[in-house]
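Everything on this sheet refers to the single structure shown next.
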Amino acid sequence: MENRVRVRFAPSPTGPLHIGGVRTALYNYLFAKQNNGDFLLRIEDTDQTRFVPGAEEYIIEAFKWLGLNFDEGVGIGGDYGPYKQSERKPMYKQYALDLVAKGKAYYAFDTAEELAQKRLEAESQKTTFQYDCKTRQSLRNSLSLPQDEVQRLLDNGEAYVIRFKFDEGQTIEFDDLIRGHIKMESSLLDDKVLYKSDGMPTYHLANIVDDHLMHISHVIRGEEWLPSCPLHVSLYRAFGWEDTMPKFAHLPLLLKPDGKGKLSKRDGDRLGFPVFPLQWQDPKSGEISSGYRESGYLPEAVVNMLALLGWNDGTEQEIFSLEELVNKFSIERISKHGAKFDLEKAKWFNHQYLQKVSNSDLAKVYLDELNTKNIATTIDKVEQVVGLIKERCSFSNELWAQSDYFFVAPTTYAEKALKKRWKEGMGAIMTTISEHLKAIEDNDWAQKAEDFLMQYIQSNELNMGQIMNCLRLAVVGDTKGPNMLDIMRVLGKDEILLRLDTAIKNINL
RNA sequence: GCCCCGUUCGUCUAGUUGGCCUAGGACGCGAGAUUUUCAUUCUCGAAAUCAGGGGUUCAAAUCCCCUACGGGGUACCA
């Protein structure tokens, strides 16, 4: 256990899982698997006021979809449970008290309102109020109050919090696996609350106690935690756990594609790409946020794209399977600066992966979609269609737009193309062609139809583009689609003749 | 305000120990080719004086300092 790599992903269940969080989890996963270590899921629900029903289930489902499996934790179990901090509530107090006994922490009786008032006052004077070594003597706590008064308050059941006591004039130093050596002056740090008046620990206390108890070897988390890392390191030291303190790696953030700041919930639907792995409906407002899964992304593509947003293996390779990522990942090669999400690149990644999906697998997915549209067809036909149009799609949900004409005959014809191609006399030519096509025997019709067309165009000295495009217009209704002869093969004689007929009747020029 | 972290093509980035960088790749963009259409694909191209300024050195994108800009933090939120 001493040297075993154990990492954790520790989200709080306050809503859907942000894609930046997914990347953090991915990096943890890759690091754990590469080192034959453990990847745990711990739910950090110490703020009961922010609890959102369904969020925990969402998180578990999201990782299931992504194919990133936890070895231990909520939903799985393990030897170091419970893995949900609310269920660990009773064990935190003794640790906070231990720190008080050691003189590393103290009781504070100031109410949230009093402190808010202080902050307001400070703000009006363009300064900032901070609960620290300079101000704590003038506040209501066990450092400033006489001991018997403190005892009296505690005995009376007065509400209190426990705060960490930063000693003045110390330099706190630690190493970050991505950023190197980091220093901070203790006198600039505030006495953070470790234990709240509701009997719950804050993130700071809980994450140190749990990481210690769960034998976490590496803490890989977002950059937003870097400023509080000196506190965390100080806590390990105060507890006397420094020799087993995990190593830290603070990841750069995912930024908005356009403006400034980190990628947020609203950016996604504003800019037309998902910020969450799965679609999420807010239980209170009912507001829906789109997800990668529902937008037609393949989980492998999302994983690959996310892995490359802030990491690369130093070569020019960009497509990596999960297994390759596990083998090649390294914390040292993670970049230090934030990365803007690039929708176009994400599309490209998905296109790459969509091409790898077999026609039969893709056909199954597409058939389901067709069924919801009440389109009667066969898996055979769908598979043929998918084979023809797959490469023109980046997402599985583009299949319909690229192949609707295979299932529904056109009712309108692209006007511009008509003007350009369907010249005077074309109706007559098409009628002749139609008659000939009709005369061709059913057996191997498509091939014979092709032979006929080629020969017909040549012997009548017609323009190939002109004829084929008009045929396409008549059958497809537009200038899109794969090879015309492939379309004829899939649609078959009867359908082609029917569509030609309709077109000749409706297009009157 | 204060603290911490960062800064190479529009975007993601290569460049790790200074010289092979007239800075490479990918996405996107432009042009051409292929395709009877559209898309795909292929080829070519434009695109970063390495944020700016000072040093150090024979030599700096690479080391040091300053400035600017960006990001994060500054809650009884995580």
Side-chain angles (χ1 to χ4, degrees), chain A residues 10-14 44-47 49-50 85 108 110-112 115-116 119 122-123 126-131 159-163 176 178-180 182-185 188-190 192-198 200-204 206-207 221-230 250 252-253 255 257 260-262 305 308-319 332-333 335-349 351 355 389-393 402 414 417 420-421 453-454 457 463-473 476 478-485:
Chain A
S12 54
T14 54
E44 310 226 324
D45 55 350
T46 52
D47 186 354
T49 64
R50 295 210 307 160
Q85 289 181 330
D110 322 84
T111 65
L115 296 176
R119 288 198 183 90
E123 204 176 317
K126 299 211 164 166
T127 59
T128 318
F129 167 76
Q130 189 166 282
Y131 211 117
Y160 67 86
V161 299
I162 294 175
R163 285 179 181 273
D176 183 277
I178 296 173
R179 288 152 211 286
I182 290 166
K183 288 183 188 179
M184 196 109 68
E185 291 305 316
L188 266 10
L189 269 9
D190 63 329
K192 278 271 178 306
V193 170
L194 301 176
Y195 189 78
K196 300 187 269 191
S197 57
D198 66 357
M200 272 291 201
T202 58
Y203 168 84
H204 303 294
N207 106 85
R221 80 236 284 197
E223 192 184 7
E224 68 267 30
W225 296 111
L226 198 50
S228 51
C229 201
H250 289 94
L253 266 20
L255 274 18
K260 301 164 177 185
K262 61 176 170 180
M305 166 198 81
L308 271 283
L309 223 46
W311 174 86
N312 70 83
D313 77 337
T315 73
E316 284 168 8
Q317 183 177 352
E318 294 199 279
I319 301 296
E332 301 74 53
R333 292 198 59 86
S335 52
K336 297 177 173 70
H337 54 269
K340 285 180 186 164
F341 182 90
D342 185 350
L343 175 60
E344 292 303 327
K345 191 85 188 233
K347 270 187 194 166
W348 177 82
F349 269 112
H351 183 264
Q355 305 318 308
I389 58 147
K390 185 167 73 172
E391 64 183 17
R392 359 171 53 93
C393 300
Q402 291 293 343
K420 187 178 168 196
R421 305 279 188 188
L453 277 167
M454 292 308 155
I457 289 167
N463 182 316
M464 166 105 93
Q466 199 81 2
I467 300 300
M468 294 307 259
N469 279 307
C470 286
L471 217 47
R472 177 182 299 278
L473 272 167
V476 175
D478 206 343
T479 60
K480 66 181 181 180
N483 189 298
M484 195 51 220
L485 300 162

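Any value given below was found using the heavy atoms of this structure, including those in side chains, with hydrogens, waters and symmetry copies removed. Residue numbers start from 1 in every chain, and the chains themselves are labelled A, B, ... in the order their sequence lines are given, proteins ahead of strands.
At a threshold of 4.0 angstrom between heavy atoms, the contacts of D110(A) include nucleobase atoms, whether or not backbone atoms are also involved. Residue contacts shown for P230(A) are absent, as no nucleic acid heavy atom lies under 4.0 Å away. Across all strands, V161(A) comes closer than 4.0 Å to base atoms (heavy-atom distances). Using a 4.0 Å heavy-atom cutoff across all strands shown, S228(A) reaches no nucleic acid atom at all. Looking at heavy-atom distances under 4.0 Å, N483(A) makes contact with a base. As judged by a 4.0 angstrom heavy-atom cut-off over every strand, T111(A) is placed among the base-contacting residues. Within 4.0 Å (heavy atoms only), M184(A) reaches sugar-phosphate atoms of the nucleic acid but no base atom. Counting any heavy atom pair closer than 4.0 Å across all strands shown, T128(A) reaches a base atom. Within 4.0 Å (heavy atoms only), K183(A) reaches sugar-phosphate atoms of the nucleic acid but no base atom. Nucleic acid contact class of A339(A) (heavy atoms, under 4.0 Å, all strands): sugar-phosphate only. Contact annotation for G222(A): no contact, since no heavy-atom pair falls under 4.0 Å across all strands. Here D342(A) lies in heavy-atom contact (under 4.0 Å) with a base. When heavy atoms are screened at a 4.0 angstrom cut-off, K126(A) is found touching no nucleic acid atom at all. The residue R472(A) sits close to a base: some heavy atom pair falls under 4.0 Å.
Distances shown here put every side-chain N or O of R179(A) at or beyond 4.0 Å from the OP1 or OP2 atom of C4(B). Within the 4.0 Å cut-off from OP1 or OP2 of A39(B), not a single side-chain nitrogen or oxygen of H351(A) is found. Contact annotation: R421(A) side-chain N/O to U37(B) OP1/OP2 distance is not under 4.0 Å. In this model, the phosphate group of C77(B) is approached by a side-chain N or O of K196(A) to a distance below 4.0 Å at OP1 or OP2. In this structure, R392(A) does not reach the U35(B) phosphate: none of its side-chain N or O atoms is under 4.0 Å from OP1 or OP2. An OP1 or OP2 oxygen of U11(B) is reached within less than 4.0 angstrom by no side-chain nitrogen or oxygen of K347(A). One finds no side-chain N or O of N312(A) lying less than 4.0 angstrom from the OP1 or OP2 phosphate oxygen of U13(B). Contact check, T315(A) against G25(B): no side-chain N or O comes under 4.0 Å of OP1 or OP2.
For the C1' atom pair drawn from C12(B) and C29(B), the interatomic distance equals 16 Å after rounding to whole Å. On the C1' atoms, U35(B) is 29 Å away from A47(B), given to the nearest whole Å. Here, U16(B) and U11(B) have their C1' atoms 23 Å apart, quoted to the whole Å. A distance of about 23 Å separates the P atoms of C64(B) and C69(B), rounded to the whole Å. Nucleotides U8(B) and A51(B) have their P atoms positioned 6 Å apart, rounded to a whole Å.
Of the two residues near RNA chain B, A112(A) and E332(A), the one whose nearest nucleotide lies more 5' is E332(A). Comparing L253(A) and K480(A), the nucleotide of RNA chain B nearest to each residue sits closer to the 5' end for K480(A).
Within the 3.5 Å criterion, the main-chain N or O of Q355(A) finds a donor-acceptor partner in the side chain of K390(A). Although no hydrogens or angles enter the test, the distance criterion places no donor-acceptor pair under 3.5 Å between the side chain of E344(A) and the main chain of A346(A). The backbone N or O of H204(A) lies less than 3.5 Å from a partner atom in the side chain of N207(A), making a donor-acceptor pair. Formation of a donor-acceptor pair under 3.5 Å by the T46(A) side chain with backbone atoms of T202(A) is not found in this model. Of the possible donor and acceptor atoms, none in the side chain of S12(A) sits under 3.5 Å from a partner among the backbone N and O of T14(A). Between the side chain of R333(A) and the backbone N or O of W311(A), no donor-acceptor pair lies under 3.5 Å.
Base pairing of C21(B): no nucleotide in any strand meets the Watson-Crick or G-U wobble criterion (both distances under 3.5 Å). In this entry C50(B) has no Watson-Crick or G-U wobble partner, no candidate having both defining distances under 3.5 Å. In a base pair of the Watson-Crick type (N1 to N3 plus N6-O4 or O6-N4) or a G-U wobble (N1-O2 and O6-N3), with each distance short of 3.5 Å, A59(B) is matched with no nucleotide. The partner of G6(B), taking Watson-Crick or G-U wobble pairs whose two distances both stay under 3.5 Å, is C69(B). Base pairing annotation: U74(B) forms a Watson-Crick or G-U wobble pair with G1(B), both donor-acceptor distances under 3.5 Å. The nucleotide U43(B) finds its pairing partner in A31(B), both defining distances of the Watson-Crick or G-U wobble pair being shorter than 3.5 Å. Searching all strands for a Watson-Crick or G-U wobble partner of C38(B) with both distances below 3.5 Å returns nothing.
S197(A) contributes a side-chain N or O that forms a donor-acceptor pair with the base of C76(B) under 3.5 Å.
Distances from the side chain of K345(A) to the nucleotides A26(B), A78(B), U13(B) place A26(B) closest. When the nucleotides C38(B), G72(B), G6(B) are ranked by their closest atom to the side chain of E224(A), G72(B) comes out on top. Of the candidate nucleotides C77(B), A39(B), G6(B), G6(B) has the atom lying nearest to any side-chain atom of H337(A). For E344(A), the side-chain atoms get nearest to C27(B) when compared with the rest of C27(B), C4(B), A78(B). For T202(A), the side-chain atoms get nearest to C77(B) when compared with the rest of G71(B), U13(B), C77(B). Proximity note for R163(A) (side chain, C-beta onward) versus C5(B), C76(B), U40(B): the nearest is C76(B). Residue R333(A) has its side chain nearest to A14(B) when only G28(B), G73(B), A14(B) are considered.
Listed by chain and residue number, T171(A), S187(A), L188(A) satisfy the side-chain contact (heavy atoms from CB on, under 4.5 Å) test with E185(A) (two or more places apart in sequence, or in another chain).
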Check nucleotides 64-69 of chain B against the protein and report each pair of N or O atoms closer than 3.5 Å, with its distance, or say if there are none.
none

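Remark: E223(A) does not engage K262(A) in a salt bridge, criterion side-chain N to carboxylate O under 4.0 Å. One finds a salt bridge joining R50(A) and D47(A) here, because a Lys/Arg side-chain nitrogen approaches an Asp/Glu carboxylate oxygen to under 4.0 Å. Residues K192(A) and D190(A) are paired through a salt bridge, judged by an N-O separation under 4.0 Å between the basic side chain and the carboxylate.
Rounding to the nearest 0.5 Å places CZ of R179(A) at 8.0 Å from NZ of K336(A).
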